[in-house]
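Below is one structure, written out as C-alpha cells; the observations come after it.
Note that these values count all heavy atoms, side chains included, but never hydrogens, waters or copies made by symmetry.
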Amino acid sequence: MGSTRATIITGASSGIGREFARRFAERGDDVVLVARRLPRLESLAEELRERHSVTATPVALDLTAPHPGRELRSRLTGLGIIAGGLVNCAGFGRSEPFSEADPDDVAAQVALNVTATVDLTKAFYPDLLGAEAGVLVNVASMAGQAPFPGMAVYSAAKAYVVYFTEALWAEARGSRLRVLCVSPGATTSEFFDISRTPTEGIRFQTPAQVVDTTFRALRTNRPSVVSGRANAFLAGLLPRLPRRLVLRATARAGLRPAAVAAS
C-alpha cells in the first residue's frame, strides 16, 4: 500500500483548530483531524471531503495520555499516511488561583499544552523535514508573553511553546520546513467556557483572523507571530517593562486573563 502526505491538526473539533482544518483543506491538503470528540471530527471530515475533494481522516485521541505522538504515528502508519504538516492547536487552561487548582487538572494542562506538543512534534519531525513543503505550526497564546497570576500554569505552558518553537525555527533554517509559533489573544472558541474565565468587555478575534495571520507569517518565514495589532503591540511592550510592574498590573486584572487567552 502506498503512502500519502497529510496535514495533521490537533484540537480540530472546534475553534481555531477547526478553522485550520478548513483552511488547509481549502488549499488542497489532505488532513488528519485529531481531538477527543469523534462525532464532531466525523462531521467536519465529511464537510471537507464534500467541499474540497480531499481525504479527511478523523482520529479520536486523548492527547493527555502518555506518548500521544507514538500512538498517533502508529495509527497513521497503519493507514498509509505520512505527515506533511503538523498544527499543534489543542490546548486548555483555567482561570483560578494556583492554591485552589485541582492537581489532576494541573497535570492535564501541562500534559496537553506542553508534553503533547513536544511529543507530537518529535514523532512527526522527520516526516516534516522530508516533505517538499513541510509546515509546523504550534499555537501558543498572548498568555505566554508574560506571567499571569490566576493562569499561572497556562501562561507558563504557553511561554514554553513560544521558546520551543522559535528554537526549532532556528534549527530548521536551510531546510524546506516552515516552523511558526502563533500567539492569539482572546478568540471566539470554547476556551472560555472550559477555563471559566470572565469575558465581559473583551474584544475577540475570530478563528479565521488568527488563521489569516498564521498563513501570512508562514509566507514570510517568521519564527513567531502575535495575532492582532493591539496584541502585537502589547507583546512587544511587555518585555521592556519592569517585571514587578507587569505582575502588579496582571494581578490587579489590568490585563485580565480573558484578554490574553486562546485555545
Side-chain angles (χ1 to χ4, degrees), residues 7-29 31 33-37 40-41 43-48 50-52 54 56 85-95 112-113 117 135-145 148 151 154-155 158 161-162 165 178 180-220 222 224-236 255-263:
T7 298
I8 302 164
I9 301 105
T10 72
S13 61
S14 66
I16 299 172
R18 181 168 56 194
E19 184 63 26
F20 268 120
R22 287 172 172 155
R23 201 69 61 87
F24 276 101
E26 182 181 328
R27 76 173 196 171
D29 287 21
V31 292
L33 313 174
V34 182
R36 290 182 299 176
R37 295 173 291 191
R40 287 196 179 192
L41 297 178
S43 176
L44 178 60
E46 183 177 359
E47 171 196 323
L48 300 182
E50 291 179 356
R51 286 190 179 184
H52 305 295
V54 298
L86 172 63
V87 180
N88 284 307
C89 191
F92 85 99
R94 299 288 190 205
S95 179
L112 183 57
N113 296 316
T117 295
V135 174
L136 170 63
V137 175
N138 289 332
V139 179
S141 169
M142 273 295 293
Q145 305 297 318
F148 282 87
M151 298 190 85
Y154 182 75
S155 66
K158 291 304 187 179
V161 173
V162 173
T165 310
R178 288 285 190 264
L180 176 69
C181 180
V182 57
S183 295
T187 306
T188 51
S189 70
E190 296 177 345
F191 178 92
F192 298 95
D193 295 331
I194 296 171
S195 68
R196 302 188 291 267
T197 304
T199 60
E200 184 179 353
I202 299 301
R203 294 182 64 182
F204 287 84
Q205 284 197 299
T206 66
Q209 288 174 312
V210 174
V211 176
D212 284 343
T213 297
T214 302
F215 276 94
R216 284 196 298 269
L218 283 170
R219 287 193 292 270
T220 59
R222 299 171 60 180
S224 190
V225 67
V226 174
S227 185
R229 291 184 179 180
N231 294 331
F233 174 79
L234 180 59
L255 300 173
R256 286 182 291 173
V260 299
S263 65

Point-to-point distance, once rounded to the nearest 0.5 Å, from [atom1] of [X] to [atom2] of [Y]:
X: Leu48; Y: Leu33; atom1: CG; atom2: CG; result: 6.0 Å
X: Arg178; Y: Arg219; atom1: CZ; atom2: CZ; result: 11.5 Å
X: Arg22; Y: Glu47; atom1: CZ; atom2: CD; result: 4.0 Å
X: Gln145; Y: Asn231; atom1: CD; atom2: CG; result: 9.0 Å

Testing Thr214, Thr7, Asp212 for side chain to side chain donor-acceptor pair (under 3.5 Å) with Arg23, which one passes?
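The passing option is Asp212.
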
Taking all heavy atoms of [X] and all of [Y], pick out the closest pair and write down the distance.
X: Asn113; Y: Phe92; result: ND2-O, 2.8 Å
X: Val87; Y: Phe24; result: CG2-CE1, 3.6 Å
X: Lys158; Y: Ser141; result: CG-CB, 3.7 Å
X: Arg18; Y: Ser13; result: NH1-O, 3.8 Å
X: Leu112; Y: Ala90; result: CD1-CB, 3.9 Å
X: Ala140; Y: Val161; result: CB-CG1, 4.0 Å

State whether the side chain of Ser227 and the backbone N or O of Ser183 hold a donor-acceptor pair below 3.5 Å, judged by distance alone.
no

Given side-chain contact (heavy atoms from CB on, under 4.5 Å), test Thr117 with Thr10 step by step and report yes or no.
CA-CA 10 Å; Thr117 295; Thr10 72; over 6 Å; no

For Glu46, all residues meeting salt bridge (Lys or Arg N to Asp or Glu O under 4.0 Å), sequence neighbours excluded
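So Glu46 forms no salt bridge (Lys or Arg N to Asp or Glu O under 4.0 Å) with any residue.
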
Not counting sequence neighbours, which residues clear salt bridge (Lys or Arg N to Asp or Glu O under 4.0 Å) with Arg27? List them please.
Asp29

Step-by-step side-chain contact (heavy atoms from CB on, under 4.5 Å) determination, Asn88 to Leu136:
CA-CA 8 Å; Asn88 284 307; Leu136 170 63; 4.1 Å; yes

